[in-house]
Structure formats: structure tokens, C-alpha cells
Amino acid sequence: MMKLAKFCFAKSLTVAFLLCLSLSVQANSEADVSVQVNGVSGKLLNNVRAYLQIANLETDRNYRNYQVRYLHRQAPREIKKALEPFGYYNVDVNSELQSSANNRWQAVYNITLNQPVTINENQWTIDGEGRDDPQLKQLIKKSALTAGDAFVHSNYESQKSALMSRAIQRGYHQASFDQSQVTIDTDNNSADIQVRFDSGPRFRFGELTIVDSHLNQDLLERYARFNRGDPYLTSELSRFQVDLGNSEYFEQVQVSSDWQRADENNQVPVRVETEANEQTHYRYGIGYGTDTGARITAGIDRRWVNDRGHQFRSTVQLAQYESRATAIYNIPGEKPQTDYYQLRAELGNKENDSLDTRTYRLKALDVYSYRSWQREYNLSWLREDYSFGEQRDVSKVLIPGMEWRYISANDRVNITNGWRLNLGLKGAADELLSDVDVLSGYAELKSVWSLTNRWRLLTRAEIGATYTDRFAELPPSLRFFAGGDNSVRGYAYEQLGPEDDTGAVIGGQYLAVASAEVDYRFAESWRVALFTDVGNSMIEPNKALKQSVGFGIRWISPVGSIRLDLAQAIDEPGNPWRLHFTLGPDL
């Protein structure tokens with residue numbers, strides 16, 4: 001019995017000891033560590049915390065006390081390693097680890113950065129055909145790495161990456177770094193950079209192959225802004241693909257370089273694969289504009305008529321005040337993405353308080369673009385049946401004309417800075433199938449300027465002049481009118497100008513309109529605006545101008561600003577405020 005009792009007692013002590021040990025181990029496994037880092041901030045602090053193991057303990061893992069102490073001993077080395085990429089190689093770290101009840105730990109690291117390592121020698125050398133490439137040389141010249149500045153490793157790697165990327169984009173497909181070395185002298189706190197970059201040969205564009213296209217190869221080749229033998233540029237290949245994609249001929253376009261088939265002259269074949277779009281496209285729409293009233297629109301487009309890429313578009317618009325039917329035949333020019341020839345037939349009908357007119361127009365256009373400029377030559381034959389008040393007449397004119405358009409904008413939809421210029425000149429002679437002699441010129445200038453991140457100033461000016469000795473025989477299409485959404489707001493569309501004895505607005509020989517508007521962006525897609533407009537159409541150029549003031553709200557949509565304006569003609573205070581609704585880009 002005695003032995004049995006001793007055995008039971010010993011067994012009980014053993015169980016109690018194991019239980020205490022288990023509780024001790026369990027207590028160690030629940031260590032809670034709080035980490036405080038002093039002396040650095042911003043990117044430096046973020047990098048230190050990313051390197052510190054003790055600050056990134058796994059939440060699903062149990063840590064014992066000795067593991068916490070070990071990680072704390074490793075912390076100074078990790079902190080120094082984390083700060084080296086920012087040029088700090090002589091960092092002092094004062095560390096402290098304290099424990100409290102319930103296995104809670106407080107780790108504190110006080111960092112003294114000392115002086116960073118500065119760049120002593122910064123040597124970048126380019127070998128190969130790219131040694132004289134101005135863009136590669138300019139990239140190195142504008143480097144963020146400058147002798148005397150702190151050596152930041154990320155700037156060094158970014159410079160290498162940018163140099164390689166630029167070289168590949170410019171056709172140096174075999175470019176490589178023969179040497180890329182940074183020597184850090186911690187005693188003298190200096191860094192020596194030595195990089196030798198071998199661009200290799202520059203490749204050039206080779207044969208252009210169009211695979212199974214429904215269109216003539218000559219047409220698609222004209223979309224390319226490069227010729228065989230030109231230096232290879234990735235940007236030109238991208239523009240080629242974008243231009244083909246925007247042509248409406250294709251559902252999908254893939255343009256690729258076949259580097260494996262580059263010839264002994266380093267010419268790289270270019271391959272184009274396309275998938276045809278739907279040939280016929282139907283358009284329907286309803287809308288409202290204060291100039292046209294409620295309207296419905298329908299159209300049929302033939303995205304290509306033949307393998308030469310000719311296109312046909314037709315549109316019918318039925319509206320309260322101005323209806324029209326249009327048929328357009330488009331022929332691609334030498335640069336199909338910008339240049340074209342066009343034949344157009346129009347039938348229009350316009351009615352307002354002063355005017356009732358029906359127009360029949362045939363027009364031929366030659367449009368050519370160069371950079372931001374577009375030039376248009378046109379020839380129109382016009383028949384217009386019209387009435388002003390009690391005057392009724394029919395006019396036929398053959399009108400040659402030319403226009404120049406220029407636009408510069410940082411964004412074609414949501415514009416913050418930019419301007420646009422339109423110039424036009426046209427005329428007719430009664431010896432050349434016309435009922436009247438006339439010469440007319442027109443100019444329009446619009447601008448958008450950002451005053452701050454939220455404030456913009458928008459300005460607009462229009463002038464026009466018509467020279468004829470038989471103004472009464474001019475059809476409405478050759479006269480100037482003012483008033484409306486895009487003219488002097490506060491007046492109805494084309495209801496500002498000279499009047500006849502019945503009070504009907506008959507248009508003028510001269511036009512002068514100007515506008516100033518300031519808007520404020522109070523939300524991501526919303527602006528409010530204040531504006532004033534002045535202008536008039538006149539028989540004589542010295543007549544008084546009319547003025548309106550108003551305010552509006554704009555919603556920045558994917559297709560441009562949707563504008564709702566309220567305007568008052570201050571020269572006629574008895575008139576009610578007019579509502580104006582427009583849609584489209586600011587320029």
C-alpha cells in the first residue's frame with residue numbers, strides 16, 4: 001500500500017509539473033509585440049516596417065518569448081538594410097525591448113540616419129548604333145542621378161529601366177548592359193556609378209503583309225505612317241494599329257513585328273491581321289436642343305462600299321424647327337486616317353418666327369490634314385426657296401470655298417487647356433451659274449484656360465463680313481444671324497439681327513459675337529458657370545451690340561459637357577429668361 005501511495009503521489013507530481021510546463025509554453029505562445037520606430041517617416045518608415053520581421057508577425061502563428069528576443073536582435077540589421085536603397089549606409093540604431101504582464105512586449109527603435117551616401121562619379125556610356133541617338137543621349141542628360149546628390153537606388157534602377165525601354169521602343173532590339181555597377185564607399189560616404197550600355201544595331205521596318213483582308217492592300221498600306229527601310233519605332237506601330245481600329249472597317253486589328261524573320265539588313269517584317277466589321281450600321285436617336293426643338297434621327301451607314309474603302313452615310317433628322325436629310329459618299333485620300341474626298345447631297349427645311357426656307361445642296365469637298373491643321377476646299381451648288389416676312393424668293397448659286405481649321409487641346413472631351421481657330425472664305429459670281437455676286441469671310445476663335453485645378457476661363461469670338469451690292473437677293477444661307485445656344489444666349493436661335501417692316505429678322509452682312517465664361521468644378525463630373533455674351537448681325541458694321549448674362553450647370557459626360565444654361569437679354573429687360581441646352585466638347 002505504501003509503495004502504491006508513493007507511486008500515486010509521484011505520478012500526481014509528474015502530472016502537475018507537465019501541466020505547469022504546458023501552461024508556461026502556452027503563455028509564451030501568446031506573445032503580443034508592439035513596435036515603435038522613431039527618426040524616420042514617409043517612404044523610409046514604410047520600408048523599415050516592411051523589412052522588420054518583428055513588426056510583421058504572422059497572426060496565425062504562435063511565437064515564444066525567445067523568438068521575440070531573437071527577432072529583436074535582428075531588427076537593427078534589418079533597419080539598416082531597409083534604409084540603404086535611400087542612400088543611408090551609416091545608420092545608427094538604438095533598440096530597446098521591454099516586457100510587461102500577460103506576455104506583452106514593447107519594442108522601440110530610435111534611428112539616427114546620419115549623412116546619406118552621395119554620388120561621386122556618374123558614368124553612363126552608350127555603345128553600338130545608338131551612341132549618337134539624340135533621344136537616348138537626352139534621357140541620360142535628364143537623369144535624376146546627379147553628382148553630389150544622395151544616391152537613391154530606385155532612381156538608379158529607374159534610369160536603367162528607362163534607358164532599356166527607350167532603346168527597345170526605338171528599334172534597338174538587341175540592346176543589353178555590358179556593365180552596371182555601383183561601388184559604395186561607406187568610409188567616404190560616396191557612390192561611384194559605372195554603366196556601359198550596348199544598344200546593338202538599330203532595326204528598321206521591313207515588308208508589310210496584310211493577311212486575308214476584305215479591303216485592298218494598297219488602302220491599308222496608306223494607313224501606315226512609315227515606309228520600308230524607316231527606323232523602327234514602336235510608337236509608329238501603335239499608331240498604325242489605332243488608325244486601322246478607328247477606321248470603322250474592322251471589328252479587330254492585330255499589328256505585330258516578326259522579329260524572328262528579320263533579314264541581314266535588320267529589316268523587321270510587319271504583319272497585319274484583321275477581322276471585318278459589320279458592313280451595314282443602323283443609327284436611331286431622339287433628342288432635344290433649344291435651336292432645333294424636339295427631334296428624331298435615323299441613319300444608315302455602309303462602312304465600306306468596295307474594296308477601296310469608299311463609305312456611304314445617310315441621315316434623316318425630323319425636328320420642330322429644322323429638319324434635314326443628308327447623303328454622304330466618302331473616298332479615302334492619300335492618308336486615309338485624315339484626308340478624304342467627299343460628295344454630299346442635302347435637303348433641308350427650316351422654320352422659325354422670321355424665316356421659312358427649303359434648301360437643296362450638292363457639295364464636293366477635298367479635305368487635307370497636317371498635324372493640328374485641316375484644310376478644306378469645297379464647291380457647292382445651292383438652290384434655296386425662302387421667305388422673310390412678306391418677301392418670297394428663289395435663289396441659285398454656285399459657291400466655291402475654302403476653310404482652315406486648327407485645334408490644340410490636352411483632351412478632346414474634358415478639356416482643361418486648349419484653343420480652336422476656324423477660318424472660312426467663299427463666294428459666287430452671277431457669270432458662273434449664280435444669281436448674285438458675293439464674297440464672304442468668317443473667323444471663329446475659342447479657348448479654354450485653367451486658372452486653378454477647379455476654375456476655368458472659356459472665351460469665344462466670331463466675326464464675319466459679306467460683300468455684295470445686291471444684299472436683298474442673298475439667300476439666308478449666305479447671310480449672318482446671331483442668337484441661340486452657341487451665339488448670344490438670352491436670344492432665340494437666329495432671332496438677333498436686322499428686321500424688315502414686318503418685324504421679321506432678315507440677317508445681316510456683318511457678324512460680331514464674343515463670349516466670356518468662368519466655371520467651377522465642384523464635384524468630379526459637375527461644374528457651375530457664369531457667363532456673358534455680346535454680339536449682333538448687322539447691315540452696317542457700326543451697329544450696337546446686344547448683351548446677355550446668365551448662369552448654368554454642366555455635367556461632364558463621356559462624350560463631352562452637357563450644358564444647361566439660363567440667360568437674360570439685359571438690353572431687353574422685359575424678355576423672359578431663356579433656357580439653352582447643348583451637348584458636346586467645349587472646343
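Please read these numbers as outputs of a predicted model, since none were measured by experiment.
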Point to revise | Distance-only donor-acceptor check, side chains Asn542 and Glu540, under 3.5 Å | key: no

Check your understanding: Tell me, do Tyr284 and Tyr282 make a side-chain contact under 4.5 Å, heavy atoms counted?
Key -> yes

Review point. Is there a donor-acceptor contact under 3.5 Å from the side chain of Gln254 to the main chain of Glu273?
Key: no

**Study point:** Neighbour count >12 (heavy atoms, 6.0 Å) for atom CZ, Arg358
**Key:** no

Review point. Aromatic rings Tyr288 and Phe581: how do their planes relate, parallel, tilted or perpendicular, breaks at 30° and 60°?
Key: tilted

Review point. So, Arg420 and Glu444, do they make that salt bridge, N to O below 4.0 Å?
Key: yes

Check your understanding: Applying the side chain to side chain contact (heavy atoms under 4.5 Å, CB included) test to Leu474, which of Val397, Asp393, Thr466 qualifies?
Key -> Thr466

Check your understanding: Got a sec: does the NZ of Lys543 have more than 12 other heavy atoms crowding it under 6.0 Å?
Key -> no

Review point. Would you say the side chains of Ser235 and Gln169 form a donor-acceptor pair under 3.5 Å?
Key: no

**Study point:** Presence of salt bridge, Asp571 and Lys546, under 4.0 angstrom
**Key:** no

Practice item. Examine distances only and state if a side-chain atom of Ser434 and a backbone atom of Leu398 form a donor-acceptor pair shorter than 3.5 Å. Key: yes

Review point. When you measure from the side chain of Tyr491 to the backbone N and O of Ala569, does any donor-acceptor pair fall under 3.5 Å?
Key: no

Check your understanding: Is Arg563 close to Glu517 at the side-chain level, that is, under 4.5 Å between some pair of heavy atoms?
Key -> no

Exercise for review: Go through the side-chain N and O atoms of Gln547 and Thr532 and say whether any donor and acceptor fall under 3.5 Å apart.
Suggested key: yes

Check your understanding: Distance-only, no hydrogens or angles: does the Gln311 side chain make a donor-acceptor pair with backbone N or O of Arg303 under 3.5 Å?
Key -> yes

Review point. Looking only at atom types and distance, does a side-chain atom of Asp307 sit under 3.5 Å from a main-chain N or O of His214, one as donor and one as acceptor?
Key: no

Review point. Is Leu451 atom CG crowded by more than 12 heavy atoms from other residues, nucleotides or ligands, each under 6.0 Å away?
Key: yes

Exercise for review: Look only at the side chain of Asn352 and the backbone of Leu355, and say whether a donor-acceptor pair between them is shorter than 3.5 Å.
Suggested key: yes

Review point. Any Lys/Arg nitrogen of Asp519 or Arg554 sitting under 4.0 Å from an Asp/Glu carboxylate oxygen of the other?
Key: no

Practice item. Kindly check if the number of other-residue, nucleotide or ligand heavy atoms within 6.0 Å of NZ (Lys335) is above 12? Key: yes

Check your understanding: Using a distance-only test with no angle check, is there a side-chain donor-acceptor pair under 3.5 angstrom linking Glu403 and Tyr442?
Key -> no

**Study point:** Distance in Å, Thr468 OG1 paired with Leu478 CG, rounded so as to fall on 0.5 Å steps
**Key:** 9.0 Å

**Study point:** Exceeds 12 heavy-atom contacts within 6.0 angstrom, atom CZ of Arg295
**Key:** yes

Point to revise | Donor-acceptor side-chain pairing of Ser257 and Tyr232 below 3.5 angstrom | key: yes

Review point. Atom CH2 in Trp304, atom OG1 in Thr280: separation rounded to 0.5 Å?
Key: 8.0 Å

Check your understanding: Any idea how Phe226 and Phe240 line up, ring-wise: parallel (<30°), tilted (30 to 60°), or perpendicular (>60°)?
Key -> perpendicular

**Study point:** Flag, side chain of Asp437 to backbone of Asp430, donor-acceptor distance under 3.5 Å
**Key:** yes

Point to revise | Basic-acidic side-chain contact under 4.0 Å: Asp243, Arg225 | key: yes

Review point. Is the distance between the ring centroids of His580 and Tyr493 less than 6.0 Å?
Key: no

Point to revise | Any donor-acceptor pair under 3.5 Å from Ser165 side chain to Ser161 backbone | key: no

Point to revise | Heavy-atom check, side chain of Leu579 versus side chain of Leu566, under 4.5 Å | key: yes

Point to revise | Carboxylate-amine/guanidinium contact Lys396 Asp435, below 4.0 Å | key: no

Practice item. State plainly whether the residues Asp133 and Lys137 are in salt-bridge range, i.e. N to O under 4.0 Å. Key: no

Review point. Are the ring centres of Phe388 and Tyr386 closer than 6.0 Å?
Key: yes

Review point. Can you check whether Ile506's main-chain N or O pairs, donor with acceptor, with Arg479's side chain at less than 3.5 Å?
Key: yes

Point to revise | Atom CG of Asn453: over 12 foreign heavy atoms under 6.0 Å | key: no

Review point. If you measure only the distance, is there a donor-acceptor pair under 3.5 Å linking the side chains of Thr315 and Thr326?
Key: no

Point to revise | Beyond-backbone contact of Glu248 with His281, side-chain heavy atoms, under 4.5 angstrom | key: no

Point to revise | Arg283 side chain to Asp301 backbone, donor-acceptor under 3.5 Å | key: no

